[in-house]
Amino acid sequence: MNDKTEWIDEVNRDSRYGLKGKIIIKVNSSYQEIIILETNSYGKALMLDGCWMTSDKQEKYYHECLVHPALSSLEIITNVLIIGGGDGGTAREVLRYNNVVNVDLVEIDEEVIKLSKKYLNHIGKDAWEDKRLKIHICDGFRWVNNIKDNYYDVILIDISDPSELSKKLFEKDFYKECKRIMKNKGILGTQSESPESFKENHLDILTSLKGLFNNTKTMYSFVPFYPSGIWSWTFASDNKKDFLKTKNQETNLIEKNCDIWNLNYQSGALKMMPNKIYKVLKEKKQNEK
Ligand code: SPD
């Protein structure tokens, strides 16, 4: 570890979101720059290509909100796909459900997994040793193209902000493939960016999913060190309108052991769509008629 304490910032438009700490490692993988920082306030933090991804003391705000709305809503969960998620936090939360049989974690950058296992073990914890977890070092788009129809019960998209590397995973063609490989009653959940600091991307994600699935729902909550703090997770399904209704018998126990998410938190977060987002979506819908 470097002994020097320094500020590392994510720059988003004209704002900077910084953490102060000591750099544990800074490397360039074949895909991106990876920094792991030891901070006083948030424990170890991971930055990819200048964007904060996760940190020991904030990750639950993100991972619990991505995983539990979808998994608590399904009685039977055989196959789960995680696109991205190389730090292991999403897999850890998924594997808390004993009735999950198989989890495919598809991450393009092997280095992220290696470094997360080594330095961010507080996040992945024993998920890495769980026999149900299969790690595939592969491009997410290529992976979904090669899977048979109606295979996954849940697809969770845990990827970085839109960039050269990730942009295909925000496009309608990718979501179409996800829909094809998902069971009829399955649920897709994705981090859907910030309605404030990534407003256009956020609207694009919601519009694409609304165009493809019968039902979508967006949850808004906080990830304190992401640009603007407010973040969102969107769930989509062709199942009934109330597809995010609790059906999994393990939910009560899981809820008790969460730090952030519970069914009340979820029900409030599902009502938090900022009016400016609501109005744009309503106008788009009217224009389609
Ligand atoms: N602005 C950051 C968006 C990050 C989404 N993925 C985070 C990875 C945590 N598993």
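All values reported here derive from a predicted model rather than from experimental measurement. Sequential numbering from 1 along the given sequence is applied to the chain's residues. Remember, it's 1-based here, ligands and their atoms both numbered in the order they're listed.
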Within the 3.5 Å criterion, strictly below it, is a donor on Y42 or Q58 matched to an acceptor on the partner's side chain? yes
Hits for salt bridge (charged side-chain N to carboxylate O under 4.0 Å, His left out) against D238, two or more places apart or cross-chain, chain-then-number order -> K179
Exactly one candidate in K44, K4, K20, K22 meets salt bridge (Lys or Arg N to Asp or Glu O under 4.0 Å) with E38; the answer is K44
Chain-and-number sorted residues having a heavy-atom contact under 4.0 Å with ligand 1 are W52, M53, Y62, H63, D87, D158, I159, D161, Q191, Y226, W231
**Q.** E59/R92 salt bridge by N-O under 4.0 Å criterion
**A.** yes
### Query
Is the shortest side-chain N to carboxylate O distance from K276 to E196 below 4.0 Å?
yes
Would H68 and Y265 count as a ring-ring contact (aromatic ring centres under 6.0 Å, His included) if you check the C-alpha gap in whole Å, the side-chain angles of each, and the deciding distance to 0.1 Å?
CA-CA 11 Å; H68 298 304; Y265 188 90; over 10 Å; no
